[in-house]
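Letters go in sequence order (proteins before strands), and every chain restarts at 1.
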Amino acid sequence: MLDMKWIRDNPAAFDAALARRAAAPRSKEILELDASHRGVITELQSLQSRRNEASKQIGQVKSKGGDASALMTEVATIKDRMAALEAKEQIVGQYLLDVLMTVPNVLDAAVPEGKDETANVEVRTWGAPRSFNYPVKDHADLGQGLGLLDFDQAAVVSGARFSYLKGALARLERALAQFMLDTHTTEHGFTEVNPPLLVKAEALQGSGQLPKFVDDLYVTTAGHWLIPTSEVSLVNMVAQKILNKAELPIRLTAFTPCFRSEAGAAGKDTKGIIRQHQFEKVELVTICTPETSAAEHERIVKCAEVILQRLELPYRVVALCAGDVGFTMARTFDLEVWLPGQSAYREISSCSNGHEFQARRMNARYRAEGETKGTHFVHTLNGSGLAVGRTLVAVMENYQEADGSIRVPKVLLPYMGGVDLIRRV
RNA sequence: GGAGGGGUGGCCGAGUGGCUUAAGGCGCUGGUUUGCUAAACCAGUGUACUGGGAAACCGGUACCGAGGGUUCGAAUCCCUCCCCCUCCGCCA
């Protein structure tokens, strides 16, 4: 959510920010709502002030045995007017809030212009795609060929976009997650968290998934929502809090399943496990001050890159352009891993700086030691470190052999109990 | 799921309709006193919105778990919900 005061003082800059995302100007509409809202508040507060004063006088008059009926009549009429104003305040206030909740974050000045992913800018590449002297297979064919990946029975049990992963492939995925967590906790200073997978709607509103992306989410009959990413659970660890500046930055990591309905993705990535309703991800989240957030953003990208480098998977870093940065975020770098099965780089991590957008929605603030008045909103950042299912895909396709077996990356050997080659049994 | 007990400021804790501008204490900040430290004493010490002001600041309103209600007036009475604690039941 954006600062209403900022919109009020900088309507032209606000509309220009929307224009970068190819969105229509909204300052006029919002400013009118805001002015009307504040007008009602001012009137209401002056009535309340008079009512409080009169009520106090009634108490004093009555305690001396006097007649307070004139004052009581006055308060009665004030109350009538207040009731109408309270109703209006609630309606206008809620409507203004609803509107503000659907306004996207202001993009960082460093974000390149452009209206869709074709305008994204390649920042750097690492590693070179391996050349094969035999026809390469994609991960779905490899997995099914090994007898360790089953979509057919998953369709019987759960429907489309689910899979069974078995034996050494299941273990390989677990090894990847372990390796990522170990690296981030012991070398990168992130604290491991095992967070809730079911959250309240308020949490999703805080991190920005609601109300806009309601169709992408699953909700239980009990009213809990399944997290589409542990970013939701992790970022909300500071919701409603006033933190000490000294405890920032807070760096958190979690390995969790993620659940997405993938509404609107019909026909996209239907083969394999690239896009499923349920997948696993190691997430990185940083809570920090505005002064350090740009550096923390670079840091998260680097932490994610380390994983790909140690797995010896070729990748590139892409700066998302204005039209491709998500609703909640001010700036995003994607990591795209080389997939021989598709002869293409595919997203495996998205590292974003949300500035204070989520913090405002969550009311997450900090204060410096000894600072006596006022608070500041924290900055929130998140990145995949990495999407575990897609990393499994990348390992399978990049480490495949001519006979359809898969070598285990060196760095995973300690996690694989001596298995260095996965082959059909 | 059942029974009982709770939720008050940064923390502890008083508060059964107006004497509360939430007592008192702790903590914190500043000051006085003072070889130094400590102690003592004095003062200050929440968040948000809103009006005025260039600002420093000065007013107002709301907030005692959340939301409704009763009342001229609610931390206090009523209703609904949430969370915590103890015990019981069930359960990985």
Side-chain angles (χ1 to χ4, degrees), chain A residues 1-10 30-101 194-206 219-225 233 236-248 256-257 356 358-378:
Chain A
M1 193 164 67
L2 302 184
D3 182 6
M4 188 58 235
K5 286 201 196 88
W6 179 79
I7 298 175
R8 196 183 297 149
D9 296 338
N10 305 277
I30 290 174
L31 256 49
E32 280 170 8
L33 270 172
D34 175 54
S36 149
H37 184 225
R38 284 192 296 153
V40 174
I41 287 175
T42 303
E43 195 179 348
L44 188 58
Q45 289 188 349
S46 69
L47 285 175
Q48 282 169 329
S49 178
R50 176 56 200 153
R51 180 205 60 186
N52 291 347
E53 193 181 358
S55 290
K56 191 176 266 182
Q57 285 170 358
I58 289 169
Q60 286 163 358
V61 169
K62 280 194 164 180
S63 68
K64 289 173 190 153
D67 175 19
S69 58
L71 281 165
M72 287 173 72
T73 310
E74 185 193 350
V75 173
T77 47
I78 289 175
K79 273 185 63 169
D80 285 345
R81 289 172 60 201
M82 275 177 57
L85 282 170
E86 274 167 4
K88 188 174 176 189
E89 193 280 326
Q90 188 143 24
I91 289 165
V92 176
Q94 187 59 51
Y95 186 64
L96 177 60
L97 191 62
D98 288 348
V99 168
L100 288 175
M101 283 299 229
N194 187 345
L197 307 181
L198 298 173
V199 298
K200 294 195 277 189
E202 285 80 3
L204 286 154
Q205 197 159 85
V219 59
T220 70
T221 53
H224 285 113
W225 298 71
S233 312
N236 274 283
M237 284 176 77
V238 298
Q240 316 289 327
K241 288 193 181 214
I242 300 176
L243 304 159
N244 280 326
K245 188 177 183 181
E247 56 188 310
L248 300 175
T256 69
E356 59 177 44
Q358 292 176 314
R360 280 188 182 278
R361 290 174 165 242
M362 296 189 298
N363 203 19
R365 295 161 291 169
Y366 74 93
R367 176 158 45 201
E369 198 74 40
E371 208 173 357
T372 50
K373 56 196 297 189
T375 57
H376 319 277
F377 288 105
V378 297

Throw together a table of side-chain donor-acceptor distances under 3.5 angstrom for residues 198-206 of chain A, partners on residues two or more places apart or in other chains.
none

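- Nucleotides B:G4 and B:U71 are separated by 32 Å at their C1' atoms, to the nearest Å.
- Across all strands shown, B:C63 forms a Watson-Crick or G-U wobble pair with B:G46, both key distances being under 3.5 Å.
- Under the salt bridge (charged side-chain N to carboxylate O under 4.0 Å, His left out) criterion, A:R50 pairs with A:E53, A:E74, not counting sequence neighbours.
- The partner of B:U86, taking Watson-Crick or G-U wobble pairs whose two distances both stay under 3.5 Å, is B:A3.
- Across the protein-nucleic acid pair, A:N244 atom CG and B:G27 atom P stand 18 Å apart, rounded to whole Å.
- Residues that satisfy the salt bridge (charged side-chain N to carboxylate O under 4.0 Å, His left out) test with A:E86, not counting sequence neighbours, are absent from this structure.
- Applying the Watson-Crick and G-U wobble criteria (two distances, each under 3.5 Å), B:C72 pairs with B:G18.
- Atom CG of A:L71 and atom C1' of B:U71 are 16 Å apart (whole Å).
- Comparing B:G59 with B:C19, their C1' atoms sit 25 Å apart, to the nearest whole Å.
- Base-pair partner of B:C11: B:G25 (Watson-Crick or G-U wobble, both distances under 3.5 Å).
- Closest to the A:R38 side chain, of the nucleotides B:G51, B:G46, B:G73, is B:G51.
- Side-chain nitrogen and oxygen atoms of A:T375 include at least one within less than 4.0 Å of the OP1 or OP2 phosphate oxygen of B:A48.
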For nucleotides 62-67 of chain B, tabulate all protein N/O to nucleotide N/O atom pairs closer than 3.5 Å, reporting atom names and distance.
{"unit_1": "B:A62", "atom_1": "OP1", "unit_2": "A:N52", "atom_2": "ND2", "d": "3.4"}

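- Taking the side chain to side chain contact (heavy atoms under 4.5 Å, CB included) definition, one finds that A:A83 meets it with nothing, sequence neighbours left out.
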Close N/O contacts between protein and nucleotides 15-18 of chain B (under 3.5 Å):
{"unit_1": "B:G18", "atom_1": "N2", "unit_2": "A:S55", "atom_2": "O", "d": "2.7"}

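- B:U34 is unpaired under the Watson-Crick or G-U wobble criterion, no partner having all donor-acceptor distances under 3.5 Å.
- Nucleotides B:C90 and B:C11 have their C1' atoms positioned 38 Å apart, rounded to a whole Å.
- Distances shorter than 4.0 Å separate some side-chain N or O of A:R367 from OP1 or OP2 on B:U47.
- Both distances falling under 3.5 Å, in either a Watson-Crick or a G-U wobble arrangement, occur for no nucleotide opposite B:A56.
- Qualifying side-chain hydrogen bond (donor to acceptor under 3.5 Å, both in side chains) partners for A:N10, counting only residues two or more places apart in sequence or in other chains: none.
- Atom CE in A:M82 sits roughly 11 Å away from atom P in B:G69 (whole-Å rounding).
- Listed by chain and number, the residues in a side-chain hydrogen bond (donor to acceptor under 3.5 Å, both in side chains) with A:Q48 amount to none (sequence neighbours excluded).
- Contact of the A:T220 side chain with the A:W225 side chain is not registered, since no non-hydrogen atoms from C-beta on lie closer than 4.5 Å.
- As rounded to the nearest Å, B:C84 and B:U8 have C1' atoms that lie 15 Å from one another.
- Distance CG (A:D80) to P (B:C72): 12 Å, rounded to an integer number of Å.
- If you take atom C1' in B:U86 and the same atom in B:A14, they sit 25 Å apart, rounded to whole Å.
- Atom NE2 of A:H37 and atom C1' of B:U61 are 13 Å apart (whole Å).
- The C1' atoms of B:G6 and B:U45 are separated by 29 Å, rounded to the nearest whole Å.
- The side chain of A:S49 contributes an N or O atom lying less than 4.0 Å from OP1 or OP2 of B:U61.
- For the side-chain hydrogen bond (donor to acceptor under 3.5 Å, both in side chains) test, residues two or more places apart in sequence or in another chain that qualify with A:R360 are A:D3, A:E356.
- A gap of 15 Å separates the C1' atoms of B:A62 and B:U21, to the nearest Å.
- Comparing the C1' positions of B:U76 and B:U34 gives a spacing of 48 Å, expressed to the nearest Å.
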